[in-house]
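Proteins come first, then strands; the chains are lettered A, B, ... in the order of their sequence lines, and each starts at number 1.
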Amino acid sequence: MLKSTLILILLSLFLGTGVWLVFTWAVKKGEFDDTEGPKFRMLEDDPQPRKDQNHAEKD
Amino acid sequence: MNDSAPQCDHCALSIPAGVLIEDEVSGATRKFCCRGCQGAFRIIHGAGLGVFYGRRDWGQGGLPEGAFDQQYDDGYLARFVQPAETGAEMTFLLEGIRCASCVWLNEKILQELPGVHSARVNYGTHRARVSFDPDQTTPAALFAAVSRLGYLPRPYSADTATRLAEQERRSLLIRFGTAAFLSMQLMGYSLALYAGYFQGIDADSRWLMQLFSALVTTPVVFYCGWPFLHSAWRSLKNRSAGMDLLIVLGVLAAYGASLHAMVFDGEVYFDTAAMIITLILAGRLFEGAARRQAAAGVDRLLRLAPERALRREGEQWCEIDSAALQPDDQILVRPGERFPTDGQLLSEATEIDEAAVTGEPLPVLRQAGESVAAGTLNLTTSAQVRVSASAANSFVARVARLVEEAQSRRAPVQALADRLAAGFVPLVALLAAATWGYWSFWPNPEVNPLLAAVAVLVIACPCALGLATPTAVLVASGAAAAQGILFRGGDVLEASARLTLAAFDKTGTLTTGKPQVVALHPAPGINQEQLLGWAALAEAGSNHPLARGILAAARSRGIEPGMGQGVRALPGLGVEVKTPQGLLRVGNRRLLEQAGVLALPAPAPGGTTEVHLALGGNYLGNLLLADPLRPEAAETLKSLHQLGLKSTLLTGDNNAAAARAASSLPLDKAIGELLPADKARWVEEATARGERVLMVGDGINDAPALSAASVGCAMAGGTDIALATSDLVLTKPDLAHLLVALRLARRTLSIIRQNLFWAFAYNLLALPLAAAGTLVPIHAAVAMALSSICVVGNSLRLAKLSGHESRALALAPPLSENSPC
């Protein structure tokens, strides 16, 4: 009984630590710097813009 | 905006008659106001990004002036490029971002450039971060791509202060995240222990749970709680008790007592220690968010002055860093550029757009010898300027320092929580000592005197105290911001709640700032339509507010003005147009007097602007333009009375104009002929009488009064400096929002007071239990949780506008042209 509790607790700590690592990585990467933009960005589903030509000469 | 004019398909500005350009793009005929717009439209369509036009939701044009004639130099820009794993990375500010579509468009156009790996534009700060391959593209190419769309890129190098602030914010976020994660783990063990307390638990399991509790709590106390430990230590050294000391006292008491209990088989309080720290970190995070919300935009203002300047060196103009400019240097500022620093004009007269600095909507004529301010826009001629202050001491830089100072001050409401805590600390220490003394003198086998004293310390630390102010301020400023009301800090909310007197500027505040034609006085032999037609002909190409007023009046009478050939703008006077019938002059009295036109009528009474017309030597008549009152002004002033605020008009106009305004509005007092310094003095005198003054105004002439008032309120409309110096900003030019702001402020203050009560209430209830030595961990946990829930829930009530506030908004006409963008 005690042993299984110990295993489960360690398992949950292990999982949680993984999530925590992802979180700190995301903060350091600047993922939380702009909390306003994504809600607009998510509504966009546009075709991939063409990358094959140089638009500098287009006009 | 006048709807009857055709609109440019790109910039959405109305197209002056005669300059219409039609072009066939993607199989449809499009209308443009200039070649620039046509080109930009073609670029956007050519890149397959035509959906932009459907996506944007602004009906009003307005690209930053001078956005097109910028040149970008790789050598200069290279210093802003940082090496990155993928090649190079560069951050720059984008001027002209209005909405999410602008963000989208800029990102796409940058990503399309060859060699660009990724481009991200921050919606809040308007900063673009681009990572690219320096072998394939250059910073100048990035800038050129953006500026071809009509956005103005400006190099951005974060100074040490902003970088530090950013780092601090991230470290706080990580501390909070860590604390939250560990506290959640801890809650599992604590629940097992609570259950064990009531139902019984075998000693081994209990010890295991306690061990894990200690394991996860230790980093919470010493890593996440480090800022509090540090500041408590400092306040101990300074012998001044604050909130942090109270927190640390409670946390360390709980932590120490629990470690002791683990060894001697007692109850542990680890959850209390961890919860206090987690919740107070959350409070700090909210506080920072509220402050950043208010500070947004100021950062961009500070970068108005360009970073490069043309300095005379011998016979040549050399481009140098603005920071290197010294007083008495001579610099050249071309039309469409902003002045890098303050100085005196050496060359001939030029017109200057000071809207960003003074809020003056009309371009201002500056003669040789007059001074010009950093950040203002040179409009008509190339100006030579003798520098009078280094860039670091320029007007914009001085304002920037003031704003920063204002933002770093601590909110008095926050100080209230600190004061409360300061009084509480000795009280709690005394109580703990008394508990210990009592149980030592009258020993009881059931009670350990030391543990009872520690329990008093633990329960007395209200973790909701840290949430009381920040949550209320955050929710209130969030609700306000959604309505276009920006409170610059919690102290402004508090000050707004205590106001007793409101002083208003007239132009642009009680009036709309958009002149309308109120009277037509044609000379004999000419009818009104003809007069208006002539005036419109001359003004058709102009963007001057007076010209717009005249054009609107012409269109409302069904006159479509033709476009005059050879229109010449005369700075400070008016315009001249060559017509088949002779030279048409439209302008002020001085223009016609200089041209030798006779038979001008006597000046009209004050309060109106006269525009005179003459064809050749013949006087045609004049138009009177006046600035109409805002439709909601009267209703707002009446509501202010109901709130118990007296209202006063302070204006620079003559007394007659002031009296006329007072007669049509429910004002208590109207004072005219005031210089900017007089307004400030008036506000100071009122403050000395014990009034708490709200000053509503715009522009530099109100700035002294705005800063002298308890709360300075500026309304949006091209008045960047006023916006930066004021405490309260209405981003929609609508006085009804002022009422909403004041009512919300009053409600917030009372909510904060209630919060402080709830923060202490449950803890005080549990205090006798602790002193009696019968406190168990679950009591402490329940007290903490209940007080936190009450405080947060109470603050959330601010999110909903009360009936009063919605009514105030209902009184305002819906704003169509200034919708989100």
Side-chain angles (χ1 to χ4, degrees), chain A, chain B residues 38-49 51-52 55 99-101 103-104 107-109 111-114 116 120-125 127 129 141 144-145 148 166 169-174 176-178 180-182 184-185 188-189 192 202 204-205 207-209 212 215-216 289 293 296:
Chain A
M1 167 66 183
L2 198 60
K3 202 179 257 173
S4 55
T5 318
L6 184 66
I7 290 170
L8 283 172
I9 287 179
L10 285 177
L11 202 66
S12 78
L13 269 178
F14 190 70
L15 273 174
T17 309
V19 174
W20 177 74
L21 283 175
V22 171
F23 168 74
T24 44
W25 167 81
V27 173
K28 285 188 178 142
K29 192 168 160 277
E31 212 63 39
F32 292 95
D33 287 357
D34 180 12
T35 46
E36 275 299 295
K39 69 184 176 198
F40 299 112
R41 210 169 260 136
M42 124 200 150
L43 297 169
E44 293 161 7
D45 51 348
D46 39 79
Q48 193 64 29
R50 282 167 292 159
K51 200 155 188 163
D52 49 354
Q53 40 188 310
N54 189 351
H55 294 283
E57 276 97 54
K58 276 232 64 161
D59 52 346
Chain B
Q38 182 196 9
F41 193 86
R42 280 191 158 271
I43 293 172
I44 291 167
H45 263 273
L49 300 174
V51 268
F52 164 70
R55 198 183 284 278
C99 60
S101 310
V103 170
W104 172 83
E107 282 180 356
K108 297 291 159 189
I109 216 93
Q111 272 163 17
E112 256 193 82
L113 292 173
V116 172
R120 213 70 168 137
V121 178
N122 186 316
Y123 179 75
T125 58
R127 262 178 242 158
R129 204 165 78 195
R148 261 189 306 142
E166 182 74 2
R169 194 181 75 84
R170 284 187 185 179
S171 106
L172 183 63
L173 191 59
I174 290 184
F176 170 71
T178 310
F181 155 65
L182 289 173
M184 279 190 263
Q185 300 284 335
Y189 317 141
D202 72 287
D204 282 347
S205 297
W207 196 79
L208 186 73
M209 292 299 164
F212 273 106
L215 207 69
V216 295
Q293 217 172 35

Heavy-atom distance under 4.5 Å to chain A: side chain of B:Leu173, backbone, both or neither?
-> both

Identify the two heavy atoms, one from A:Leu13 and one from B:Tyr189, that lie closest to each other, and give their separation to 0.1 Å.
-> CG-OH, 3.7 Å

Please, which pairs that meet side-chain hydrogen bond (donor to acceptor under 3.5 Å, both in side chains) have at least one residue in residues 20-30 of chain A, sequence neighbours excluded?
-> A:Trp20-B:Thr178, A:Lys29-A:Glu31

Starting at CG of B:Asp204, measure out to CG of A:Leu6 and round the result to the nearest 0.5 Å.
-> 11.5 Å

Looking at B:Met209, B:Arg129, B:Arg170, which makes the most heavy-atom pairs under 4.5 Å with chain A?
-> B:Arg170

Tightest non-hydrogen contact, residues A:Phe23 and B:Ile174, listed as CE2-CA, 4.0 Å

Identify, with sequence neighbours excluded, every residue that meets salt bridge (charged side-chain N to carboxylate O under 4.0 Å, His left out) alongside A:Lys3.
-> none

